[in-house]
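Working notes for the structure below.
Nothing fancy with the numbering, it's 1 onward along the sequence. Because only heavy atoms are used, hydrogens play no part in the values below, and waters and symmetry mates are left out as well, while side chains stay in.
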Amino acid sequence: MTIPLSQPLRAASITEAYARFWKKYATFSGRASRTELLWPMLVNLLMLIVLVLARDEVVSLVIGLYGLVAFVPTIALGARRLHDINRSGWWQLVLVVPVIGDIVLAVLWLKFPSPEGVKYDLAA
């Protein structure tokens with residue numbers, strides 16, 4: 001059974017979550033499960049670590065470009081995850097507060113889904 005892109009995919013594998021990350025490139029509406037958020041964030045973190053460790057300018061350029069391309073879907077995914085816990089995607093603006101904002105957003109992203117988040121579902 002295939003879960004439609006308009007619905008959150010619970011217990012997504014890394015490949016499923018990463019594919020949905022790109023398929024829903026600039027989709028800010030709807031919801032996303034924790035695994036849909038965490039797997040792409042892990043991949044993006046690993047890319048950042050490679051960038052930091054890379055001594056090669058070409059590798060740095062490629063990963064830097066990847067970061068630019070992945071910026072919009074990362075923000076969209078974060079908004080969809082916040083919708084799943086019945087919060088507005090604008091909560092991501094808490095990141096402007098150094099350190100505290102990161103902690104607050106991480107705690108929100110890790111919360112269990114809220115039944116009230118259904119109001120953010122895409123029309124079927």
Say whether, by atom type as modelled, one donor and one acceptor occur between the side chain of [X] and the main chain of [Y] under 3.5 angstrom.
{"X": "S88", "Y": "W91", "result": "no"}
{"X": "Q7", "Y": "P4", "result": "no"}
{"X": "K24", "Y": "P73", "result": "no"}
{"X": "R31", "Y": "D121", "result": "no"}

In this structure, would [X] and [Y] fall into the same cluster of hydrophobic residues linked by side-chain contacts under 4.5 Å?
{"X": "V50", "Y": "M47", "value": "yes"}
{"X": "L48", "Y": "Y66", "value": "yes"}
{"X": "I63", "Y": "V69", "value": "yes"}
{"X": "V97", "Y": "L93", "value": "no"}
{"X": "L110", "Y": "V107", "value": "no"}

Test log, rule side chain to side chain contact (heavy atoms under 4.5 Å, CB included), inputs T74 and N44
CA-CA 9 Å; T74 300; N44 291 341; 3.5 Å; yes
Is it true that the NZ or CZ of R34 lies under 6.0 Å from the centre of F112's six-membered ring and within 45 degrees of the ring axis?
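The answer is yes, since R34 meets both limits relative to F112.
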For the residue pair [X] and [Y], what are the closest heavy atoms and their distance?
{"X": "L82", "Y": "Q92", "value": "CD1-CG, 3.6 Å"}
{"X": "P8", "Y": "S33", "value": "CB-N, 3.8 Å"}
{"X": "L37", "Y": "P40", "value": "O-CD, 3.4 Å"}
{"X": "D102", "Y": "L95", "value": "OD1-CD2, 3.1 Å"}

Ionic contact status for D84 with R10, cut-off 4.0 Å:
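Yes, this pair counts.
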May I ask you to test the D56-L61 pair for a side-chain heavy-atom distance under 4.5 Å?
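Not touching, per the 4.5 Å side-chain cut-off.
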Could you tell me if the side chain of S29 sits less than 4.5 Å from the side chain of Y120, heavy atoms only?
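Sidechains of S29 and Y120: no contact.
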Check the pair F71 / L68 against side chain to side chain contact (heavy atoms under 4.5 Å, CB included), numbers first and verdict last.
CA-CA 5 Å; F71 180 73; L68 286 174; 5.9 Å; no
Interatomic distance, [X] atom [atom1] to [Y] atom [atom2] [nearest 0.5 angstrom]:
{"X": "E116", "Y": "N86", "atom1": "CD", "atom2": "CG", "result": "5.5 Å"}
{"X": "L77", "Y": "Y25", "atom1": "CG", "atom2": "OH", "result": "13.0 Å"}
{"X": "L42", "Y": "I14", "atom1": "CG", "atom2": "CD1", "result": "6.0 Å"}
{"X": "I75", "Y": "R80", "atom1": "CD1", "atom2": "CZ", "result": "11.5 Å"}
{"X": "L9", "Y": "T2", "atom1": "CG", "atom2": "OG1", "result": "10.0 Å"}
{"X": "R87", "Y": "L105", "atom1": "CZ", "atom2": "CG", "result": "11.5 Å"}

If you apply the rule side chain to side chain contact (heavy atoms under 4.5 Å, CB included), what do you find for W109 with M41, and how did you get there?
CA-CA 11 Å; W109 278 344; M41 291 294 188; 3.6 Å; yes
Check step by step if side chain to side chain contact (heavy atoms under 4.5 Å, CB included) holds for I49 and L45.
CA-CA 6 Å; I49 290 169; L45 177 64; 4.2 Å; yes
Look at the rings of F21 and Y18 and say which category their plane angle falls in: under 30° parallel, 30 to 60° tilted, over 60° perpendicular.
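It falls in the parallel class, under 30°.
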